[in-house]
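One structure below.
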Amino acid sequence: MSAAGNRKFHLNAFLMNAGHHDAAWRHPRTQPERATDLTYFQELARTAERGRLDSLFLADGLALWGKVRHNVLGGFEPITLLSALATVTEHIGLIATVSTTYNEPFHVARKFASLDHISGGRAGWNIVTSGSLDEARNFGLDEHLEHGLRYARAREFVEVATKLWDSWEDDAPIIDRAGGIYADTSRIRQIGHVGEFFRVQGPLNVQRSPQGYPLLVQAGSSEDGKEFAAQYAEAVFTAQQTLADGQTFYKDLKSRLARYGRAPEEVKILPGICPIIGATEARARELEEELTQLQVPAYGLAQLSSMVGVDLTGLPLDGPLPDLPDERDINGNKSRFTLVAELARRDGLNLRQLIARLGGGRGHRVFAGTPEQVADQLEEWFTQDAADGFNIMPPFLPGGLTDFVDLVVPILQRRGLFRTEYTGRTLRDHYGLPRPTNRLAIQA
């Protein structure tokens, strides 16, 4: 293995109601009745912080996705939940998914500035472009925006949000009680943004926050997504099935940074992995099979239909995946479409087998093994330049997260790969990233 050098290893806990496996809620080790129980998520947050993980991550969508008849779907809005989790944690970062397609920059900038203040500088924004028809129809549209247009809107959205965060200088509040002056208004500025998608006067009505900006995260791996990440993202959540695919994505994205004046270490690449952990490899595989046997085929088929953009209802489960459209004709998640199509072709999977393979990670890698074997996998990807860390996706909760924190993290710590204590206060500190300079203050 190649030396990791001075690179730091990062771990993020990706939380989903009962866990990431689509049959987790049916397993006796889960608590699906607690999907809207704040104390449940507080317990999970404390577990992740006990493991000294960099951050928690909450996915989100603006529609009720999938077949709620067969899975624990829906639940808390992420910024609201993370604000509550901030009050029972001290160090762990708090990353919320918020779409640029069906929101406005002022709303989003205000919410993240507030979360950053509430948490003392631990907020992160996973920037996504909504891609489902159900989401569009919740906002008065018959069709969702074309893929390239969504990314064009996202770029301007981020530009406006960062201007709003810069509209207050750090020292604008002078709090002169004797003189009756709270803030130096020469250090608070309108942004006067007029663009293709947005017109925003500003300034923001929240003071500049501890981090300046939340950590900017991105989760798309299409060509548009990778270019967007190269320009704006500081962490990238991605999905690859093999080490070679991970290395290819890692090299590709890092190579794009120079044209935006950025260095490789300014973007952390964190592939998702769903670790199924057992005391022995055989026990881990038994647990994986237990979950597979609990899958509801109708749910898996509907999820697969959404991924590939083809209605698979009624097709025989033991038959092949039918012919699919070209990626260029997909107006949803292009990168996930391609990953699933290549997985089926490469391994010759029929529909039943494909549903089983996707059950734990929806295209993210699933690995069943002992704690040492899981640690070996993470170390290999890190030292072989396929990852800067990982987005850990427990197959079931709370036990899957507890197993990872109590069994895998200590191995990584003993190997000198992962921190034993937090050394910084903010999420940017955890990721080894600087606090952004206020661009409007420089121009003044």
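These numbers come from a predicted model, not from an experiment.
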*Grab the two heavy atoms, one from Y250 and one from A387, that are nearest each other, plus how far apart they are.*
CD1-N, 3.6 Å
_Looking at D388 and R7, is any side-chain nitrogen of the basic one under 4.0 Å from a carboxylate oxygen of the acidic one?_
yes
_Go through it in stages, so that I can follow the logic: the residues are T423 and E421, the test is side chain to side chain donor-acceptor pair (under 3.5 Å), and I'd like the CA-CA distance, side-chain angles, deciding distance and then a yes or no._
CA-CA 6 Å; T423 57; E421 295 294 340; over 6 Å; no
*Under 3.5 Å, side chain of E156 to main-chain N/O of F198, donor-acceptor pair present?*
yes
*Spell out, as yes or no, whether a donor-acceptor pair under 3.5 Å connects the side chain of N71 to the backbone of L73.*
no
_Could you report the tightest heavy-atom contact between T420 and R52, atom names first, then the distance?_
O-NE, 3.4 Å
*Please tell me if the side chains of H20 and L397 come closer than 4.5 Å, counting only heavy atoms from C-beta onward.*
no
*asked:* Testing the 3.5 Å rule here: is there a donor-acceptor pair between the side chains of H10 and D54?
replied: yes
_R259, CZ atom: more than 12 neighbouring heavy atoms under 6.0 Å_ = yes
*Look up atom CD in E227 and atom CZ in R155, then write down how far apart they are to the nearest 0.5 Å.*
7.0 Å
*Are the side chain of R122 and the backbone of S119 linked by a donor-acceptor contact shorter than 3.5 Å?*
yes
_ring pair (Phe, Tyr, Trp, His ring centres under 6.0 Å) contacts touching residues 210-241 (sequence neighbours left out)_ = F57-F237, Y151-F228, W165-Y213, F228-Y232
*Keeping the roles fixed (side chain from H117, backbone from V206), state whether a donor-acceptor pair exists under 3.5 Å.*
no
*When you look at Y299 and D22, which way does the side chain to side chain contact (heavy atoms under 4.5 Å, CB included) test go after all the steps?*
CA-CA 8 Å; Y299 181 87; D22 61 35; 3.5 Å; yes
_Donor-acceptor check, side chain of E234 to backbone of V267, threshold 3.5 angstrom: yes or no?_
no
*Taking the side chain as every heavy atom from C-beta outward, state whether V236 and L253 have any pair of such atoms under 4.5 Å apart.*
yes
*So, for S132 and W65, which heavy atoms are closest and what is the spacing to 0.1 Å?*
OG-NE1, 3.6 Å
*asked:* salt bridge (charged side-chain N to carboxylate O under 4.0 Å, His left out) for R187 and D171? Distances and angles first, verdict last.
replied: CA-CA 8 Å; R187 301 174 189 175; D171 55 358; 3.2 Å; yes
*Distance, nearest 0.5 Å, that separates CD of Q207 from CD of E169*: 13.5 Å
_N/O donor-acceptor pair under 3.5 Å between N103 side chain and S99 backbone_ = yes
*For the residue pair A84 and L38, what are the closest heavy atoms and their distance?*
CB-CD1, 3.6 Å
*Would you confirm whether N138, through its side chain, and L62, through its main-chain N or O, come within 3.5 Å as a donor-acceptor pair?*
yes
*What distance do L216 atom CG and Q231 atom CD have between them, rounded to the nearest 0.5 Å?*
11.5 Å
*asked:* So N12 and I95, do their side chains get closer than 4.5 Å, heavy atoms only?
replied: yes
*Working to the nearest 0.5 Å, report the span between CG of L440 and CD1 of I188.*
12.5 Å
*Evaluate the criterion side chain to side chain donor-acceptor pair (under 3.5 Å) for residue pair Q42 and T39; output intermediate values, then yes/no.*
CA-CA 5 Å; Q42 289 174 330; T39 63; 5.5 Å; no
*Write down the atom of L44, the atom of L15, and the distance for their closest heavy-atom approach.*
CB-CD1, 4.1 Å
*asked:* Would T248 and D245 count as a side chain to side chain donor-acceptor pair (under 3.5 Å) here? Give the steps.
replied: CA-CA 5 Å; T248 298; D245 288 344; 5.3 Å; no
*Aromatic ring proximity, centroids under 6.0 angstrom, Y422 and H430*: yes
*Give a yes or no on this: more than 12 heavy atoms of other residues, nucleotides or ligands lie within 6.0 Å of atom CZ of R256.*
yes
*asked:* To check you understand the geometry: which heavy-atom pair defines the closest contact between F106 and P203, and what is its length?
replied: CE1-O, 3.6 Å
*For the pair N126 and Q218, evaluate side chain to side chain donor-acceptor pair (under 3.5 Å) and give the outcome as yes or no after the intermediate values.*
CA-CA 5 Å; N126 180 42; Q218 190 265 354; over 6 Å; no
*Nearest 0.5 Å please: distance from the CD1 atom of I118 over to the CG atom of L82.*
10.5 Å
*Would you check if there is a donor-acceptor pair between the side chains of D224 and S222 at a distance under 3.5 Å?*
no
*State whether the side chain of R208 and the backbone N or O of A113 hold a donor-acceptor pair below 3.5 Å, judged by distance alone.*
no
*Is there side-chain contact between L81 and L58, with heavy atoms separated by less than 4.5 Å?*
yes
*Go through the structure and list residues passing side-chain hydrogen bond (donor to acceptor under 3.5 Å, both in side chains) with E265, not counting sequence neighbours.*
none
*Has the side chain of D116 got a donor or acceptor atom that lies under 3.5 Å from a matching backbone atom of P214?*
no
*Would you indicate whether the side-chain heavy atoms of L407 and V374 approach each other to under 4.5 Å?*
no
_I need the full list of salt bridge (charged side-chain N to carboxylate O under 4.0 Å, His left out) pairs touching residues 30-47, with sequence neighbours left out, sorted by first then second residue._
R34-D37, R34-E43
_Check: T238 and F249 side chains under 4.5 Å, non-hydrogen atoms_ = yes
_Flag, side chain of E380 to backbone of F382, donor-acceptor distance under 3.5 Å_ = no
*Rounded to the nearest 0.5 Å, how far apart are CD1 of I92 and CZ of R50?*
11.0 Å
*Without hydrogens or angle criteria, can the side chains of R439 and T162 be said to hold a donor-acceptor pair below 3.5 Å?*
yes
_Minimum side-chain heavy-atom gap T47-P398 below 4.5 Å_ = no
*Any salt bridge between D166 and K163, counting N to O under 4.0 Å?*
no
*Quick one: does D170's side chain get under 4.5 Å of N438's, heavy atoms only?*
no
